[in-house]
**Q** 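So that we are looking at the same thing, I have put the structure below in structure tokens.
Letters A, B, ... mirror the listed sequences (proteins, then strands); counts begin at 1. On a predicted model such as this, the values are computed, not experimentally measured, just so you know.
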Amino acid sequence: MRKSIQFIITASFSLFSVIVISLLGLLLYDKFSTTEEQSAIVSTQQIVEQVSYNLEDYVRGMTEVFKVIDGTIKNSEAIDQDTFLSELDTIMRTREDIISLSLFTDSGELLTNHPMQEIRSTIKLTEQNWFKSAVETPNHLSFSLPHIQNIYRGSYRWVVSMSKGITLMHNGVQTNAVLLVDVNFKKIDELCQRVSLGKKGYVYIIDDSAGNIVYHPQQQLIYIGLKYENVEPALKYAYGNYIDDSTGEDRLITIKTVNNIGWKVVGVSYMDEVMTSKQEVNDYMLRVLLIVLLLVVVISAIMSARISRPIKQLEKAMKTVERGDFNTGVEVRGALEVERLSQRYNLMMAKIKALMNQIVLEQEAKRKYELEALQAQINPHFLYNTLNSVVRMVGMSKNEDIIKTITSLSKLFRISLNKGQTIVTVAEELEHARHYLTIQQIRFKNKFNFTIEADEEVLACTTIKLILQPIIENAIIHGIERMVDEGCIEVRAEAVNNRVRFTIRDNGLGMSPQKLAEIIAGTFRRGSGIAGAVEASGAVGAAGVAGVAEGAGTAGISADGKGAGTAGISADGKDSGGMDRTNSTERGNAAPGRDSVSYSGSGVGVHNVQERIRIYFGEEYGLTYESEQEEGTTVTIEIPRMPAAAQGANALNLPQAGEGEGEVR
Amino acid sequence: MRYAGKLGYGFAGVAAIAAIIIVLLLIFPSAMNYFRSNSPQGEDQSRDVTLMLRQKDSDFWNTVQKGAETAAKEFGVQLQIIAPDNDDDVEGQLAMVRSALKQGTDALIVAALDDTGMSKVIDEARIPVIAIDTELTSDNVLSFIGSNNYDAGQKAGKKMIELLDGRGEVAILSIMQDDRNTEQRVHGLLDAFKHAPGIEVLDNRYCMSSPEYCQEVTGVLMDKGEVDGIVALNGGASIGAAREVERRGMSQVVKMVAFDSALEQLELLQDGKLHGTIVQNPFSMGYLGVKHAAEAMDGQEIPERVDIPTKVIDIENMFWMDNQKLLFPFVK
């Protein structure tokens with residue numbers, strides 16, 4: 001199914017806008033996402049760094065504590081001195097994250113501790129990790145992993161043990177000792193909880209070497225195996241970030257190593273949280289897209305309606321023309337183009353109307369002229385004269401001439417009628433001319449000779465019938481008849497370029513320039529008496545029948561004589577009324593079309609031929625006259641060169657020929 | 001002309017209406033989502049989960065409670081914890097469950113003292129019910145979370161055989177008669193002893209989980225004759241027995257295998273007065289109970305059975321990192 005303009009415009013506009021907006025939105029969205037991800041990464045990084053600095057700070061604080069204790073021990077004379085104990089007490093009280101302080105000799109003997117707690121007898125201190133690392137690297141503060149402090153009787157606590165190997169005076173002897181400080185997770189928890197990584201995000205701490213979790217907000221769940229933290233990839237980084245999706249959610253993992261203690265702070269933030277505005281932008285973009293789509297659809301629907309409405313109106317107007325009504329004009333308002341279109345349409349309609357009228361006129365004229373030509377042929381006058389000649393010849397027993405005349409006459413009529421066809425071949429037309437000339441030659445008692453020549457190639461060409469005969473008739477009547485010498489008529493048909501040229505030359509009286517001008521003027525004036533043509537066609541039958549019936553009667557002569565008296569004589573000054581060519585029918589016909597041309601009936605023939613050629617073949621074809629007094633007249637007829645094969649195509653142009661057929665026959 | 005105009009605007013109108021419908025259709029689901037995402041938050045505040053424990057003030061059940069509380073916080077439910085004062089108050093527990101159901105709670109997690117009686121009560125419940133520690137036969141129970149007690153009994157038996165080198169007189173301190181868990185543990189224990197012909201079971205006494213009562217019973221048993229090993233099927237019993245053995249100064253002689261990991265038991269273990277204990281994972285039990293209850297309330301599928309593994313702990317392995325994590329609840 002073909003789509004309507006409206007649909008095409010609406011759809012393509014919408015599609016186009018959607019594509020453009022989507023593309024734009026996508027690009028913006030992409031850019032936005034990248035930027036937001038970047039900023040999320042940066043802010044997470046900052047948070048993690050913050051935690052890391054805080055932890056470093058904490059570690060530094062602890063180092064201070066150790067220094068203080070170390071200093072106090074060095075200053076004290078004995079470790080069980082009250083001043084020392086009160087010092088420890090002060091430290092303990094100011095720091096709630098410190099659970100216990102203990103001092104051991106490097107052989108694992110307890111020197112002092114605070115608060116006082118009994119050490120389990122079963123415990124082997126020297127095998128404890130914190131003890132070993134303190135002994136192995138003295139003067140270096142070591143941090144243990146979270147573990148259960150099991151050396152004190154009556155308590156099991158999760159602590160991080162900090163230990164350091166120091167030297168002190170014990171019983172006056174310099175002794176290596178281990179200072180142990182156990183801290184709980186309060187401070188670390190506080191440091192990690194203080195920062196915010198969204199609702200779900202959190203910070204945890206792992207041990208650098210083995211990836212053991214030092215601190216995690218869900219430490220218990222992880223310890224017991226209910227939760228799992230994928231620390232493996234985090235171990236690979238000293239500093240940086242990556243996206244982890246091991247839990248099924250995209251999480252941004254940011255890592256920062258804490259200096260000195262070999263811990264790593266790992267920040268976990270959930271992408272769907274840090275990218276919340278991403279979702280918002282997404283929604284917003286979708287909404288904008290929808291609204292734009294809505295607007296575009298509506299606007300383009302209205303716009304396309306506006307565009308297509310006048311077109312539809314035009315279509316409707318054309319439909320009325322289709323139904324045969326050529327009188328409806330179109331008044332379409334709209335875009336410039338459409339208005340112009342409607343104007344052009346109106347102009348076109350006017351032109352078509354005019355052309356149609358012209359065609360009607362031309363067809364009518366064609367019919368009229370054809371009838372005229374036919375009438376000229378079946379002219380009772382001519383018949384009468386010819387038959388008269390035959391009678392005369394019968395009297396003189398010129399049998400041969402009689403046969404010749406009658407044969408020519410019959411052939412003449414046969415070709416004239418030609419089954420009502422308008423188009424004949426050049427050969428036929430020449431044949432027609434020959435018969436006519438033969439008859440006239442006999443009638444005029446060999447007052448003239450004639451030759452008919454034709455190029456072989458033009459014989460098969462087509463022409464409209466009865467174009468030569470009127471000219472020849474003129475030549476005989478005006479050129480040869482009143483001549484003293486023997487006349488000569490040459491008829492030639494030749495091909496000139498794309499034309500067929502007929503030349504009819506006589507050596508008769510010729511014409512005065514004035515007369516020539518008159519003929520030319522008469523020839524080229526267009527006759528347009530439609531009513532006359534119709535009248536004429538109606539009269540043909542009657543006249544024709546009457547003419548034939550009255551063939552030898554006197555009534556015909558008197559009537560003709562009268563007619564000749566009125567029109568014919570004054571023009572030509574002819575005395576032989578019997579020979580006058582004009583009859584009543586022809587005159588009646590001629591009256592509206594040819595007002596002032598008053599030469600004899602010959603004018604009818606010439607004009608008729610000229611008009612018919614023009615109507616059939618166009619303005620550029622037709623008759624040319626050349627004449628000089630006492631020298632003769634040459635008439636040239638030019639028609640387009642059309643081979644007989646084209647006759648069919650030619651006939652298509654002449655649908656009225658068929659119609660005419662019935663009437664003429 | 002009129003007709004043409006109408007046609008044009010008609011199409012525009014149809015297009016506009018279509019566009020509006022499209023927009024509405026697209027907005028509608030997101031609006032629905034908006035309401036949907038809002039409603040559960042409203043529900044959260046009123047999502048009540050009742051946790052029925054076997055006993056108040058016991059290390060084991062305190063840890064269960066801790067796990068439950070952790071999960072309640074994580075999954076946003078209101079947790080109600082109820083428990084009978086003593087683990088012999090079977091009727092009292094049933095009554096408490098009945099009243100909890102009557103008062104209306106959204107989910108129930110129950111550790112039953114009397115599995116048969118409790119099953120009957122639960123049959124009438126119309127809310128998600130999850131059994132922990134003790135398996136219940138009621139069809140209303142969606143899930144059981146607990147240890148395989150038979151398996152735990154066998155582990156205890158094997159440990160005792162190992163400690164006694166396969167030869168000796170063993171006394172058993174059970175919890176109470178007709179208790180499903182006790183019976184399964186005893187069953188597993190005795191099955192393990194079948195593989196050691198040198199082990200002779202002296203007696204199987206029920207002393208609930210009261211240390212005092214169990215100390216008395218231990219005294220009676222030790223008076224009767226020579227005891228080489230004692231298997232105590234719960235924490236309280238082991239503490240009572242250990243006290244009696246220590247009182248008699250026979251800690252190095254009498255081997256003792258217990259269940260659970262109360263702080264006192266761990267002290268005993270570290271001090272060499274308890275030679276092995278079968279630990280469950282009470283924290284997980286509580287945590288998973290609440291977690292699955294919350295999930296069940298959300299209409300999610302939950303597993304029919306969650307096995308909490310048991311582990312044999314002795315002085316050698318008790319401070320291994322893994323076991324530390326299991327034995328000592330992490331406190332910040």
**Q** Do Asn323(B) side-chain atoms and Asn317(B) backbone N/O form a donor-acceptor pair below 3.5 Å?
**A**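 Flag set: sc Asn323(B) to bb Asn317(B) pair under 3.5 Å.
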
**Q** Where does Ile222(A) contact chain B at under 4.5 Å (heavy atoms): side chain, backbone, both or neither?
**A**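 The answer is neither part of Ile222(A).
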
**Q** Determine whether a donor-acceptor pair (N or O, by modelled atom type, separation under 3.5 Å) exists between the side chain of Ser143(B) and the backbone of Pro303(B).
**A**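 Yes; at least one donor-acceptor contact below 3.5 Å.
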
**Q** Which atoms of Arg153(A) come close to chain B, meaning under 4.5 Å heavy atom to heavy atom: side chain ones, backbone ones, both, or neither?
**A**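 Both the backbone and the side chain of Arg153(A) come within 4.5 Å of chain B.
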
**Q** For Leu226(A), is it the side chain, the backbone, both or neither that has a heavy atom under 4.5 Å from a heavy atom of chain B?
**A**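 Leu226(A) touches chain B through side-chain heavy atoms alone.
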
**Q** Please classify the contact of Leu266(B) with chain A as side chain, backbone, both or neither, using a heavy-atom distance under 4.5 Å.
**A**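 For Leu266(B), the contact with chain A is made by backbone and side chain together.
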
**Q** At a 4.5 Å cut-off on heavy atoms, which part of Ser300(A) comes close to chain B: side chain, backbone, both, or neither?
**A**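 Neither; nothing under 4.5 Å.
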
**Q** Please say whether more than 12 non-hydrogen atoms of neighbouring residues, nucleotides or ligands are located less than 6.0 Å from CZ in Arg95(A).
**A**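 It does: Arg95(A) CZ has more than 12 such atoms within range.
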
**Q** Under 6.0 Å from the NZ atom of Lys200(A), do we count more than 12 heavy atoms belonging to anything else shown?
**A**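 Yes, because the 6.0 Å sphere around NZ of Lys200(A) holds more than 12 heavy atoms from other groups.
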
**Q** Does any heavy atom of chain A fall under 4.5 Å from the side chain of Phe319(B), the backbone, both, or neither of them?
**A**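 The side chain, not the backbone.
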
**Q** Verify the neighbour count for atom CD of Glu339(A): are there more than 12 heavy atoms of other residues, nucleotides or ligands below 6.0 Å?
**A**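 More than 12 within 6.0 Å, yes.
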
**Q** Using non-hydrogen atoms only, which part of Glu264(B) is less than 4.5 Å away from chain A: side chain, backbone, both, or neither?
**A**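 Glu264(B) has no heavy atom closer than 4.5 Å to chain A.
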
**Q** When only pairs under 4.5 Å are counted, which of Leu263(B), Asp271(B), Thr70(B) shares the most heavy-atom pairs with chain A?
**A**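 The residue among Leu263(B), Asp271(B), Thr70(B) with the greatest pair count is Asp271(B).
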
**Q** Is Lys227(A) in contact with chain B via its backbone, its side chain, both, or neither, using a 4.5 Å heavy-atom distance?
**A**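 Answer is side chain: those atoms of Lys227(A) sit under 4.5 Å from chain B.
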
**Q** In terms of side-chain heavy atoms, does Gln218(A) have a donor or acceptor partner in Tyr202(A) at a distance below 3.5 Å?
**A**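 The answer is no; no qualifying pair exists.
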
**Q** Taking CD in Gln300(B) as the centre, count heavy atoms belonging to other residues, nucleotides or ligands within less than 6.0 Å. Is the count above 12?
**A**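 Correct, the count exceeds 12.
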
